[in-house]
Amino acid sequence: MSEHQALKRPIITLPFILLAAVALVGLYFLAIRFTSGMGFVTNLNSGYAWGIWVVYDVIVGTALACGGYALAITVYVLNKGEYHPLIRPALLASLLGYALGGLGAFIDMGRWWQFYNIFLPWHMNFNSVMLEVGLCVATYILVLFIEFSPTLLEKTGAKGLLKTLNKVLFFFIALGVLLPTMHQSSLGSMLIAMGHKVHPLWQSLHIQPLLAVLTALIMGFAVVVFEASFTAVGFRRPSETPLLTRLSKGIIWLMGLYLIIRFVEIILRGKLGLIFAGDLGSWMFLLETILFVFPLFVLLSPSLRQRGHYLLYAAVSMLFAGSLYRFNAFLITYDPGPGYSYFPSVSEIMVTAGVVAIEIMAYLFLVKKFPVLHNADPA
Amino acid sequence: MKRRDFLKASLGGTAALLSSGAADARGNLEPAEDAIGMLFDSTLCIGCKACVSKCKEVNGMPPVAMEDETQYDAARDLSPQTLNVIKAYMEGVGTHKDQAIDGFAFEKRSCMHCVDPGCVSVCPVTALRRHPKTGIVTYHADACIGCRTCMVGCPYNVPQFDYDNPFGQIHKCQMCNQAGVERVDKGMMTGCAEVCPTGATLFGSRKALLEEAQRRMTLSAGEIYNYPRGDIRKPESHHEKQVPAYQKHIWGEKEAGGTNVMHISAIAFDKLGMPPLGERSYASISETVQHTLYKYLALPAVALAGLTFVVRRNTSDDEGGDS
Ligand code: SF4
Ligand code: SF4
Ligand code: SF4
């Protein structure tokens with residue numbers, strides 16, 4: 001018998017219906033985007049070629065979906081088996097997050113009917129960071145699906161297939177560690193190629209890939225902590241707090257490392273003054289830094305980190321910190337030059353909200369139908 | 001320190017830092033063998049916009065109307081229908097040509113045909129290509145997926161995506177040499193250089209144009225100079241004019257690896273809307289970092305082998321695992 005079980009709760013609930021409504025509105029605007037053109041739905045322009053569809057759905061979204069990545073490293077590479085109960089929900093969230101990141105990239109693709117060109121070797125440009133991101137993300141979605149598939153197979157009872165799969169699964173788990181390391185770092189390299197348009201406080205040049213991977217890991221672990229504390233509170237299930245407090249010790253190292261590298265780069269390149277310039281960039285930097293430092297403070301305090309609620313706050317703060325780092329670099333302080341401005345239109349926001357609503361609906365559906373959550377107290 | 005100054009200052013240091021680093025660090029690309037280009041001399045431009053109309057004619061694009069008038073092209077900036085535009089600089093009362101205070105000047109905006117083009121470096125599907133001989137940067141819609149990374153990666157915001165068309169594409173100046181036009185291949189000059197009445201837009205090889213620009217830098221203000229018009233190899237005519245007080249700066253000689261379309265002016269380029277660029281191209285930095293990280297595909301493959309070993313050891317403990 002599996003140590004995971006499906007949550008036996010009804011699927012159609014009020015929140016589910018509200019989410020469905022949001023998803024429908026998003027789909028409506030999506031229909032306009034595909035029939036009339038992106039200009040009718042978005043505020044994109046010649047200076048701001050990327051808006052929230054790319055920056056939220058793909059760049060922030062995939063980092064939020066790094067829970068599977070972060071835990072896979074902990075459980076399989078660092079051999080910390082006790083975190084195993086957290087892995088299935090994290091994998092599911094990763095699978096959904098990445099799948100919708102891929103969907104977001106497709107929605108944003110101006111010439112989507114030729115998307116397969118990216119997979120044709122004679123079209124590939126191996127100097128392009130974007131190629132690397134595209135190929136890695138596509139492969140990783142498949143890998144996540146395979147990693148998650150034992151859950152589906154257990155339910156359908158395909159015993160033979162399950163056995164074979166478990167024999168080769170280690171290979172996919174290894175790929176699942178390698179691929180996000182590659183494409184998350186490439187998202188950082190992308191900022192190098194964006195050159196002078198990226199604000200100096202975020203233009204760390206060859207440090208970019210490292211900062212990108214570190215923020216992805218921080219956000220990945222934050223999602224795991226968030227999910228575990230939230231399912232405990234939301235579905236009134238026994239809390240996994242002791243496990244989480246141990247996990248958070250690892251997070252402390254990660255965050256410390258990140259903050260040191262970030263500030264050393266800024267100091268060495270003489271950019272410290274920009275932090276106090278009093279402009280948008282400086283305020284956003286300060287806000288971002290506070291969001292990074294607060295969770296570090298909570299996790300460092302032995303008394304605070306024992307408490308589930310504080311752990312939840314810390315996780316949320318880390319999620320906002322990592323998201324803001326990417327939003328700041330790619331969009332908020334991004335400056336293509338005088339004469340251009342961008343703020344997402346309502347319809348543009350609704351498409352992104354719709355995509356997120358679909359993601360949450362799928363998550364709720366799957367944890368209630370398949371053995372995803374850890375069977376903490378056998379009924 | 002302002003953001004702009006910072007960006008310029010930092011790139012110098014970075015270049016030094018990186019060149020001493022990784023083994024496969026790539027520097028800026030060199031100009032193509034027979035690089036073709038243009039020299040735009042802002043002090044000669046009278047703002048007639050003949051080049052804007054001609055560009056539309058060559059590229060089969062409709063003029064942009066100003067109220068009800070259509071004889072005159074009133075495009076204000078680059079767009080999917082406008083690959084070339086003349087922008088006005090205006091300060092104070094704006095009456096003195098080529099004067100930074102209380103003056104005005106004209107500036108041409110079109111693709112700079114970078115020597116180390118950001119757009120080419122970032123395009124995942126090789127839809128933007130630098131011609132190995134002429135250095136002309138062309139666009140190929142049959143390959144393009146519309147990801148718009150080229151727009152983000154171009155320091156001059158040149159590539160334009162047609163957002164209002166559900167089946168849009170990128171539009172940019174291809175030096176009048178795209179398939180079906182091929183003016184340069186046919187031995188003609190670019191449309192904009194051909195119609196320019198003052199020789200403000202001059203056509204020719206990058207080498208010859210750079211020499212011409214350097215010659216103008218040595219002239220002193222007030223002197224009379226015989227300015228050529230059209231194609232520098234075989235000018236259609238010359239005209240004599242007093243030399244203005246040039247800024248001693250040839251934009252595109254060195255900026256981010258240089259450009260084949262170069263500009264000279266009597267007003268500082270940041271006032272004319274040129275971006276803050278150092279000498280090192282961002283493409284060369286991102287490619288260096290990327291390739292150092294991956295060493296093409298070898299590093300990831302080795303990493304995978306190692307990870308597989310570790311993961312296998314760790315999963316076999318609990319009988320094949322049940323993740
Ligand atoms: S100006 Fe922009 S579009 Fe033109 S070659 Fe340079 S990077 Fe490419
Ligand atoms: S929009 Fe087209 S040309 Fe530009 S980078 Fe993407 S695929 Fe290449
Ligand atoms: S070279 Fe041709 S396409 Fe480019 S700006 Fe001049 S006329 Fe237009």
Side-chain angles (χ1 to χ4, degrees), chain A residues 2 34-39 44 46-47 49-50 76-77 79 81 87-88 109-112 114-115 117-118 123-125 127-132 134 147 150 166-167 169-171 173-175 177-178 182 185-186 189 192-196 199-200 205-206 209 269 271 273-274 336-339, chain B residues 1 3 6-7 10 13-14 18 77-79 118 121-126 141 143-149 151-153 155 157 160-161 163-169 273 275-277 282-283 285-287 289-290 293-294 296 300 303-304 307-308 310-312 314-315 317-318 320-323:
Chain A
S2 166
F34 280 109
T35 50
S36 302
M38 259 189 272
L44 296 174
S46 319
W50 288 347
Y76 297 107
V77 181
N79 207 8
I87 249 202
R88 276 194 184 181
M109 228 174 246
R111 295 172 70 75
W112 49 271
Q114 301 196 135
F115 79 94
N117 280 354
I118 205 166
H123 276 307
M124 291 181 186
N125 169 14
N127 291 329
S128 165
V129 181
M130 193 51 150
L131 175 78
E132 210 275 323
E147 282 185 89
N166 274 335
K167 284 217 181 82
L169 203 58
F170 70 90
F171 175 73
I173 295 171
L175 261 183
V177 173
L178 176 69
M182 285 171 69
S185 68
S186 292
S189 306
I192 307 176
M194 289 158 78
H196 71 90
H199 191 288
L205 294 168
H206 43 295
R269 288 229 174 88
K271 299 188 281 196
L274 291 171
Chain B
M1 185 158 56
R3 171 178 177 150
F6 176 78
L7 281 162
S10 74
T14 308
L18 267 179
D77 211 334
L78 297 183
S79 76
S121 167
V122 298
C123 176
V125 289
T126 331
C144 173
I145 57 170
C147 64
R148 308 190 301 287
T149 318
M151 300 175 68
V152 174
N157 300 314
Q160 302 286 317
F161 188 79
Y163 293 110
D164 291 340
N165 177 350
F167 301 101
Q169 64 167 67
L277 295 177
Y282 284 103
I285 305 177
S286 79
E287 286 185 21
V289 169
Q290 174 86 349
L293 271 180
Y294 296 132
Y296 304 100
L304 178 61
L307 282 173
T308 309
V310 177
V311 166
R312 174 150 225 186
N314 292 347
T315 45
D317 293 350
D318 49 22
D322 80 321
S323 62

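The sequence lines fix the lettering, A, B, ..., with proteins before strands; numbering per chain opens at 1.
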Gap separating the NE2 atom of H123(A) from the OG1 atom of T126(B), nearest 0.5 angstrom: 8.0 Å
Taking every non-hydrogen atom, the tightest pair across S128(A) and C123(B): CB-O, 3.5 Å
Steps toward side chain to side chain contact (heavy atoms under 4.5 Å, CB included) verdict (R148(B), W50(A)): CA-CA 8 Å; R148(B) 308 190 301 287; W50(A) 288 347; 4.2 Å; yes
Most contacts with chain A, counted as non-hydrogen pairs under 4.5 angstrom, among G168(B), C144(B), A283(B): C144(B)
Listed partners of P155(B) passing side-chain contact (heavy atoms from CB on, under 4.5 Å), at least two apart: H196(A), L277(B)
By side-chain contact (heavy atoms from CB on, under 4.5 Å) - contacts of A174(A) (at least two apart): L304(B), L307(B), T308(B), V311(B)
Short side-chain to backbone donor-acceptor contact, N157(B) and G47(A), under 3.5 Å: no
Inter-residue atom distance F161(B).CZ - R111(A).CZ, 0.5 Å rounding: 7.0 Å
Passing candidate, side-chain contact (heavy atoms from CB on, under 4.5 Å) with E287(B), options I192(A), V129(A), N127(A): N127(A)
Choice from G118(B), G153(B), A143(B) maximising heavy atom contacts with chain A below 4.5 Å: A143(B)
Shortest non-hydrogen separation from P124(B) to M130(A) and the atoms involved: CG-CG, 3.9 Å
Greatest number of heavy atom pairs closer than 4.5 Å to chain B - which of S186(A), P209(A), S189(A): S186(A)
Euclidean distance, F34(A) CZ relative to F167(B) CZ, rounded to 0.5 Å: 10.0 Å
Exam field: side chain N125(A) to backbone S121(B), donor-acceptor pair closer than 3.5 Å: yes
Contact leader toward chain A among T149(B), D164(B), I145(B), where contacts are heavy-atom pairs under 4.5 Å: I145(B)
